[in-house]
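Residue numbers begin at 1 in each chain, while the letters A, B, ... track the order of the sequences.
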Number of protein chains: 2
Amino acid sequence: MTVSKTAEKSSEKSGEATKGRKDASEPQGPGSAEALQLGELSEQLGYVLKRAQLKVFENFLRCMASLQLTPAQFSVLLLVEKNPGRNQTEIASTLGILRPNFVALLDNLESRDLCARIRSTNDRRSHILMLTDKGKAVLARAKKLVATKHEARLNDLLGQANREALIAMLSKVASEF
Amino acid sequence: MTVSKTAEKSSEKSGEATKGRKDASEPQGPGSAEALQLGELSEQLGYVLKRAQLKVFENFLRCMASLQLTPAQFSVLLLVEKNPGRNQTEIASTLGILRPNFVALLDNLESRDLCARIRSTNDRRSHILMLTDKGKAVLARAKKLVATKHEARLNDLLGQANREALIAMLSKVASEF
DNA sequence: CGATATTTGATATGGTCCATAACAATTATC
DNA sequence: GATAATTGTTATGGACCATATCAAATATCG
């Protein structure tokens with residue numbers, strides 16, 4: 001039984017019916033707002049990808065509310081920790097962030113004393129990036145929060161094996177699509 | 001965040017060494033300006049989700065270049081075709097689009113004669129949405145392009161079974177995460 | 001009935017993210 | 001040493017998202 005695929009083409013305007021008729025021949029929910037049919041949409045890769053991404057980011061922000069870290073900020077801290085001594089261009093481009101847009105992001109992290117810009121002695125044009133002690137501490141706490149409150153949720157939802165399979169497939173899509 | 005589609009420029013920086021890097025042992029690409037270590041980033045759900053989504057959207061736009069349809073526009077056409085006679089609020093909210101932002105989107109589709117707003121006789125506040133003949137034709141061509149040039153690419157990359165598993169997991173994440 | 005509240009489409013507006021151009025300082029190249 | 005390229009930065013515009021607000025139409029309720 002397909003919910004309410006009533007109207008075909010011009011089902012609405014033909015009748016002279018003034019009003020008052022609402023075609024009540026469907027098992028409806030409570031308020032009866034008649035849910036729409038998603039149809040092929042629910043099979044569209046881009047559609048489901050985008051919605052999943054929004055949900056995940058939303059959850060990430062909630063998990064990190066106490067640390068006030070966005071996904072982008074978290075990724076910068078992770079990358080700088082793993083690659084200390086790199087300059088802004090290197091970190092930004094690895095994350096797919098354009099250099100101009102990376103400035104404000106770094107300004108934020110630096111103003112919170114999580115990350116430091118250090119003039120390179122080799123090339124005085126560039127700024128070497130490093131985590132401050134506070135930055136390292138915050139990142140450690142962030143990792144713990146992400147692992148226990150965020151990524152763990154995926155296990156609860158999909159199971160360990162499926163979680164890994166999902167990440168692997170997404171990585172493949174991200175790099176080879 | 002993180003991620004944009006700008007290609008890496010891989011500034012040739014022929015190794016030499018202004019300073020000792022501890023790059024341990026990683027298979028590097030050719031030019032290799034010392035690729036950074038992604039580390040835990042490549043395991044982060046949000047990170048890989050976002051990158052995959054950008055790649056997929058980018059590919060979608062390329063596939064639809066001849067029809068000039070964005071993912072959002074395509075989803076509107078699909079939903080209106082499947083649910084003719086619904087009003088703007090119903091279509092927009094189903095897609096997670098806020099009513100104010102839906103107006104310009106519809107203005108565009110209507111100006112291209114793909115979709116029509118029709119004043120409802122039952123409720124003269126609302127606009128009933130329907131596809132025009134041209135809209136139906138364009139959508140049919142769009143579906144074909146998406147199937148052959150876009151979704152098919154997933155099969156080539158993951159295989160039929162994995163493709164379906166990926167979509168299913170993403171749907172689950174989108175609705176239950 | 002009529003006063004009030006609600007809904008619908010629309011406008012205006014602000015925020016965030018993304019992309020390009022341009023600039024000063026520094027370095028590389030020839 | 002003149003010119004080109006790179007680095008961080010600013011300025012700016014576009015796309016997308018969110019809120020407040022409005023007029024018209026409808027619903028609700030005394």
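Between the NE2 atom of A:His127 and the P atom of C:dT27 there is a distance of 12 Å, given to the nearest Å. Spacing between atom CG of B:Leu61 and atom C1' of D:dA15 amounts to 12 Å, rounded to whole angstrom units. The CZ atom of A:Phe102 sits 17 Å away from the C1' atom of C:dA19 (whole-angstrom rounding). Summarising the geometry, the separation between CG on A:Leu95 and P on C:dC17 is reported as 14 Å, rounded to the nearest angstrom. Atom-to-atom, CG of A:Leu105 to P of D:dT9 comes out at 12 Å; the value is rounded to the nearest Å. At whole-Å resolution of the value, CZ in B:Phe57 and C1' in D:dC16 are 12 Å apart. Rounding to whole angstrom units, CD of residue A:Gln73 and P of C:dT16 are separated by 12 Å. To the nearest angstrom, C1' of C:dT16 lies 11 Å from NZ of B:Lys50.
Using a 4.0 Å cut-off, no side-chain N or O of B:Thr89 falls inside it from OP1 or OP2 of C:dT7. A close approach under 4.0 Å does not occur between any side-chain nitrogen or oxygen of B:Arg86 and OP1 or OP2 of C:dT8.
Residue A:Asn101 has its side chain nearest to C:dA19 when only D:dT19, D:dT26, C:dA19 are considered. Relative to the side chain of B:Pro100, the nucleotides C:dT20, C:dG9, C:dA10 differ in distance, and C:dA10 lies closest. Comparing atom distances between the A:Gln88 side chain and each of C:dA10, C:dT20, D:dG8 picks out D:dG8 as nearest. Taking the side chain of B:Ser126 as heavy atoms from C-beta on, and the options D:dG8, C:dT11, C:dT8, the nearest nucleotide is C:dT8.
A salt bridge between B:Glu81 and B:Lys136 is absent, with no side-chain N of the basic residue lying under 4.0 Å from a carboxylate O of the acidic one. By the 4.0 Å N-to-carboxylate-O rule, A:Lys143 lies too far from A:Glu151 to be salt-bridged with it.
Judged by atom type and distance alone, B:Arg125 reaches the base of C:dT7 through a side-chain donor-acceptor pair under 3.5 Å.
Here B:Asp123 lies in heavy-atom contact (under 4.0 Å) with sugar-phosphate atoms only. Among the atoms of the strands shown, none is found under 4.0 Å from any heavy atom of B:Arg99.
Judged by distance alone, the side chains of B:Gln37 and A:Asn83 never bring a donor and an acceptor atom under 3.5 Å apart.
More than 12 heavy atoms of other residues, nucleotides or ligands lie within 6.0 Å of CD in B:Glu164, so this atom counts as buried by the packing criterion.
For an aromatic pair to be called close, the ring centres must be under 6.0 Å apart, and B:Phe74 with B:Phe60 satisfies this.
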